[in-house]
Structure formats: structure tokens, C-alpha cells
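These notes are about the structure you will find just below.
We number each residue from 1, following the sequence as shown. The analysis underlying the following values was restricted to heavy atoms, covering all of them including side chains, and did not include hydrogens, waters or symmetry mates.
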Amino acid sequence: MSRLCVSVFGGFEARVRGRHSSLVLQFPTRKAEALVAYLALRGNGRHRRGHLCELLWGDVPDAQARHSLRQTLTDIRTVLQPH
């Protein structure tokens, strides 16, 4: 079974650790890294999309922020899917 380990001290780093190996994950954008870090640090609870949009895209219109969140979640799933 693999485990995701996220470090935010000294810069962002996400690793998938298995029984015998460790692999550094590369996310395509800083927003993707920020979202992974936020979700990892905030635990397994539910997160409202509106709140996540406000945190990461508070300076753009709501429709654009929601589109950006959907795209970022797709990017994150793409990186995590193989693991």
C-alpha cells in the first residue's frame, strides 16, 4: 500500500512511499501544489468548493475560479492516479 507524504517546510514536496520505494511527485502548477498542501494539512474533512475557490482564486470571477478549481483537481488526480 502506498502513502502520500507532503512536506511544506523548506518548499513543497510530495512523495509516494511504498514498502520498498519512494517517488517524488511533480504537480504541473503552484496552485496544484497549494491545493494538495492545504487538503493534506486540513485533514480528511469536507471542503466547500466556494471556500477553496476563494482561497486560491479570490481575485477572479466566480465562474472562472470554479473552472480553475475543476482543472486543478483534474491535474492532481492525473498525478496521483498511477499511485
Those residues at least two apart in sequence (or on a different chain) that pass ring pair (Phe, Tyr, Trp, His ring centres under 6.0 Å) with His47 are Tyr38
So ring-ring contact (aromatic ring centres under 6.0 Å, His included) across residues 55-83, not counting sequence neighbours, yields none
Decide yes or no for Leu69 and Leu35: does some side-chain heavy atom of the first lie under 4.5 Å from some side-chain heavy atom of the second? yes
Note: Val6 and Ala37 closest approach over all heavy atoms is CG1-CA, 4.3 Å
Note to self: Using side-chain heavy atoms (C-beta onward) and a distance below 4.5 Å, is Arg49 in contact with Leu73?
What the structure shows: yes
Here the gap from Ile76 atom CD1 to Gln71 atom CD, rounded to the nearest 0.5 Å, amounts to 10.5 Å
Between the CD atom in Glu33 and the CD atom in Glu13, the distance rounded to the nearest 0.5 Å is 10.5 Å
For residues 20-31, please give each side-chain donor-acceptor pair under 3.5 Å, one per line with the distance, not counting sequence neighbours.
| residue | atom | partner | partner atom | Å |
| --- | --- | --- | --- | --- |
| Ser22 | OG | Arg15 | NH1 | 3.0 |
| Thr29 | OG1 | Ala32 | N | 3.0 |
| Lys31 | NZ | Leu56 | O | 2.2 |

